[in-house]
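Take a look at the structure below.
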Amino acid sequence: MRDSKLETQNSKLKTTMIIDLTFPAMSPTMTEGTLVAWKVKAGDTVKKNQVIAEVQTDKAVAEWESPEAGTIAALLLEAGKPALVNMVGAILTTKGEDFAAAVTKGKALNDKLKSASAPAAPAPAPEVPAQHLVSGPMPSPVVNVSRPAANRSYRITPVAAKIAAANGLDLSKVAGSGPSGRITKADVEKAQAAGTAKIGAGAAKAEKPKLKVLRADAAGATVPLSPMRTVIAQRLTQSKQQIPHFYVSQRIDAGALAALREQLNLLDGVKVTVNDLIIRACALALRAHPKVNATFDGKTITRYDSADISIGVALPDGLITPIVFKAHTLSVRQIGDAVRVLAQKAKDGKLQPSEFQGGSFTISNLGMYGVENFQAIVNPPQVAILAVAGMIDEPVVRGDQVVPGKILRVTLSADHRAVDGADAAEFLGTLKTLLENPAALLA
Amino acid sequence: MPDFDLIVIGAGPGGYVAAIKAAQHGKKVALVEREALGGVCLNWGCIPTKALLKAAEVFELTKHASAFGINAGTPTVDFPKTIAYSRGIADQMSKGVAFLMKKNKVMVLTGTARLAAKDQVVVKHADGEKTYSTGAIILATGARPRAFPHLPIDGTLVFNAREAMNLPKQPKSLLCIGAGAIGMEFASFYAAIGTTVTVVEMMDQVLPIEDVEVSKFVEKAFVKKGVAIKTGTKVAALTKQADSVTVVLDKGGVTESLTVDRVLVAVGMVPNVEGLGLEAVGVKLGERGFVATDENAQTNIPGIYAIGDLAGRQLLAHKASVEGEAAVAHMVGHPNPVDYTQVPGCTYCQPQVASLGLTEAKATANGRQVKIGRFQFMASGKAQAINHPEGFVKLIFDAQHNQLIGAHLVGYDATEMLAELSLAMKIECTAEELVSTIHAHPTLSEAVMEAAADALGQCVHQ
């Protein structure tokens with residue numbers, strides 16, 4: 001009954017209202033993102049919960065919904081541009097009110113937020129007149145006009161907020177059961193157990209059209225960096241500038257490997273890829289050469305027993321490296337199953353941080369593109385990364401005969417501070433032996 | 001059309017609140033009461049005893065006025081007038097309830113009710129029986145002190161709380177059997193006004209449901225005031241003389257005889273289920289004979305609810321009220337179930353005791369890791385200024401997220417300080433929110449903030 005009272009109060013308030021639709025935080029830690037595209041234009045009438053725009057976070061694309069029914073009076077943010085959480089994106093009128101003042105105020109606020117955010121300060125709380133309510137993201141201290149399940153604003157208990165932040169839950173996907181829809185500890189625990197609120201869950205749907213948009217943009221347009229590209233840019237620049245890379249290549253006669261793969265795939269329900277076999281071979285080689293299976297923090301080298309192999313997975317706008325943990329304990333088939341699950345999760349934006357953070361070695365495979373050879377950049381704090389090129393039909397010398405064969409080239413990039421050329425060469429030697437005598441991979 | 005949408009049987013703090021809530025939802029409500037509106041709480045429990053305890057406090061304060069540099073002479077207690085003050089408050093409160101019923105258009109039916117069917121209530125009025133049809137029923141008939149064959153109640157020499165708050169003259173000596181909230185409050189009142197008081201408790205600590213640290217503190221404070229506390233002790237025999245009572249106390253086989261003027265029996269309550277017609281409609285009883293209910297206060301029969309002391313669990317007025325609200329919420333289709341882990345408890349002896357959630361023993365019983373913060377009022381400027389430096393705040397937090405899971409306060413006005421912690425627990429606060437909330441200075445409540453800080457190792461003033 002408390003709820004019904006509240007609703008009555010709200011509906012009274014709603015009768016004369018201009019609502020600022022502020023750029024939403026899709027996760028508790030999000031401070032900025034990109035407004036991918038507007039789904040409405042000024043003058044459109046919208047229903048409550050109607051999608052008004054697509055928003056790119058650092059992990060996924062999500063939908064921004066209108067908290068109320070009304071008319072989109074004005075759009076203040078430009079599509080394709082980055083935006084800070086709390087910026088006024090659009091003005092919604094519920095009864096055709098005069099919105100000129102709201103536009104001026106919104107623009108002023110956006111400018112203020114922009115200047116305040118340099119370099120990366122959190123957005124300050126906007127000042128809001130009492131009759132002028134804001135539908136905002138969670139960290140915003142202003143009044144929210146509708147129930148949390150219905151828009152991107154949520155009431156949440158302190159404990160629930162802590163748990164959500166620790167587990168990377170997307171609160172916009174958690175229904176609140178507390179007073180007036182407040183998200184409680186039980187709610188986040190339930191969402192966590194059900195796996196329904198992981199950041200990026202449900203975003204796959206929105207990702208496909210985005211791919212098209214970006215490819216169109218790429219043909220001659222300026223593309224601002226997405227949050228993911230920003231991270232890639234920072235990390236790889238740092239790696240390439242600070243780590244003394246060296247490269248050692250090996251040429252592998254992959255005829256036997258290709259034959260084995262074909263034989264394995266004769267078994268019903270089995271689909272083994274060359275990549276699965278290479279991961280298995282690397283896992284075994286890493287166990288024999290712990291100097292390559294290591295991390296380096298600038299002071300200490302840590303060598304690992306377990307071969308936790310990061311696998312580069314390409315995404316429409318970047319890449320991510322989920323990990324096959326304890327790969328040396330897994331069969332070729334188990335490795336294949338693990339990689340497919342991880343790759344799908346990566347594409348759906350459903351990877352948990354624990355699934356892509358850590359790892360003792362990375363494999364980057366461009367074999368499917370048939371490239372002849374390439375060098376990868378070390379993925380710090382790891383000390384080595386293996387670039388796997390395509391399997392190419394080439395003449396090979398067997399005995400004193402030149403015969404048609406299949407050649408696979410791999411290149412190890414290593415951090416010379418932690419690994420020496422001889423270590424790299426020995427590792428590649430073992431790897432070559434395993435891949436050219438692939439029955440060993442089934443042991 | 002039934003005569004009423006809802007008939008509430010019993011006008012205590014559960015029943016009358018439920019009646020008002022239902023009326024506010026536009027329901028046609030009748031409230032049946034055989035005695036005074038307000039039930040035990042307003043008439044024979046919470047409220048009149050608070051009046052007595054305030055009188056005791058005023059007496060003690062006046063006695064010690066010289067500590068403040070005030071010459072107040074030698075105060076004396078006019079016992080009948082003190083009792084009259086307490087009764088006056090009770091009457092006034094009961095009239096307040098009558099006004100609220102009128103204001104909310106709740107029909108008050110005076111008489112004794114019983115269920116004839118799941119939608120029919122028979123009320124025995126002074127002028128005969130009448131049957132009313134109804135959409136729903138809330139049973140709120142309360143509980144009464146349990147009778148023990150070896151402690152025969154006569155209302156004069158040996159009595160329960162109701163008589164203890166309405167005695168014709170102050171006893172020279174009093175034995176309180178039972179060191180729960182009722183026993184300890186009367187012990188506190190009578191000891192303060194000069195009666196020689198002995199408290200006997202079967203369990204190993206006074207206020208057995210409280211955190212052991214709090215109970216130990218209260219026991220020491222009582223002993224310091226001259227109250228004899230005998231824990232782990234039971235009454236083996238009781239003999240009445242013309243104007244005194246002799247009891248045999250048994251502590252682990254060692255017996256002792258004690259003669260006192262009067263005996264208060266304050267152990268255990270039984271639900272008022274008799275004559276309600278529960279069997280007729282099949283309402284099931286649960287633990288210890290209380291009516292079994294779910295968290296919406298509904299019995300096994302849909303549409304029949306039971307609230308307050310009748311439904312057991314914690315026998316507290318505010319629990320009755322919240323169950324009344326939950327019953328109505330469920331009835332009107334907006335369930336708002338009761339969270340029984342968040343029912344606060346207060347004892348108004350001096351020093352006062354207020355608690356909520358888990359005791360330390362319960363919090364750690366299943367191996368849960370906790371953080372505990374304490375703050376002594378001795379270190380509080382306000383407590384010193386008002387000459388009540390006794391007591392402490394003890395807060396228990398879950399170690400993983402620092403969520404508040406238990407609060408235990410003992411000290412002057414501790415009961416008024418619990419509300420902040422009730423809210424904190426309700427909205428799932430962690431120690432950090434309590435610490436970062438600005439507490440006005442100087443207040444006793446600052447101790448809450450300091451105790452939370454202590455749990456985080458950030459305490460400023462101790």
Side-chain angles (χ1 to χ4, degrees), chain A residues 1-12 27-29 122 124-125 138-141 143-144 146-150 153-169 171 174-193 197 353-354, chain B residues 6 17-27 29 104 295-297 321-339 341-342 357 371 396-405 420-437 452 456:
Chain A
M1 67 208 118
R2 290 185 189 117
D3 281 7
S4 61
K5 251 192 228 160
L6 191 80
E7 272 173 0
T8 324
Q9 282 167 7
N10 278 347
S11 58
K12 269 182 204 151
S27 70
T29 52
M138 188 200 70
S140 156
V143 187
N144 292 316
S146 65
R147 308 282 292 269
S153 57
Y154 6 78
R155 298 156 63 94
I156 184 166
T157 73
V159 155
K162 272 189 189 173
I163 296 170
N167 294 286
L169 297 184
L171 291 170
V174 181
S177 68
S180 299
R182 185 182 289 265
I183 298 171
T184 66
K185 183 181 181 185
D187 296 331
V188 291
E189 284 176 346
K190 214 167 90 189
Q192 195 187 348
S354 63
Chain B
L6 168 68
V17 167
I20 292 174
K21 283 285 171 186
Q24 286 173 347
H25 276 278
K27 303 288 176 195
V29 186
N104 288 286
E295 66 275 24
N296 291 308
S321 300
V322 78
E323 283 178 336
E325 294 186 34
V328 172
H330 185 261
M331 214 175 284
V332 300
H334 298 290
N336 189 14
V338 179
D339 182 352
T341 65
Q342 300 201 355
K371 289 180 190 166
I396 301 172
F397 300 93
D398 167 71
Q400 199 185 355
H401 301 293
N402 298 338
Q403 184 182 6
L404 178 67
I405 56 172
E420 171 186 7
L421 294 159
S422 299
L423 176 66
M425 196 175 283
K426 171 73 187 169
I427 64 169
E428 299 184 340
C429 270
T430 67
E432 285 83 352
E433 283 80 42
L434 287 170
V435 174
S436 62
T437 299
L456 299 177

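What you see is a predicted model; the values in this text were computed from it and never measured. In the text below, chain A, chain B and the rest are named by the order of the sequence lines, each starting its count at 1.
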From Met425(B) atom CE to Thr157(A) atom OG1, the distance as rounded to the nearest 0.5 Å: 13.0 Å

side-chain contact (heavy atoms from CB on, under 4.5 Å) partners for Ser354(A), two or more places apart: Gln352(A)

Contact listing (chain A partner; residues 427-436 of chain B; heavy atom under 4.5 Å): Ile427(B), Glu428(B), Cys429(B), Thr430(B), Glu432(B), Glu433(B)

With Gln400(B) via side-chain contact (heavy atoms from CB on, under 4.5 Å) - residues at least two apart: Asp398(B)

With His330(B) via ring pair (Phe, Tyr, Trp, His ring centres under 6.0 Å) - residues at least two apart: Tyr305(B)

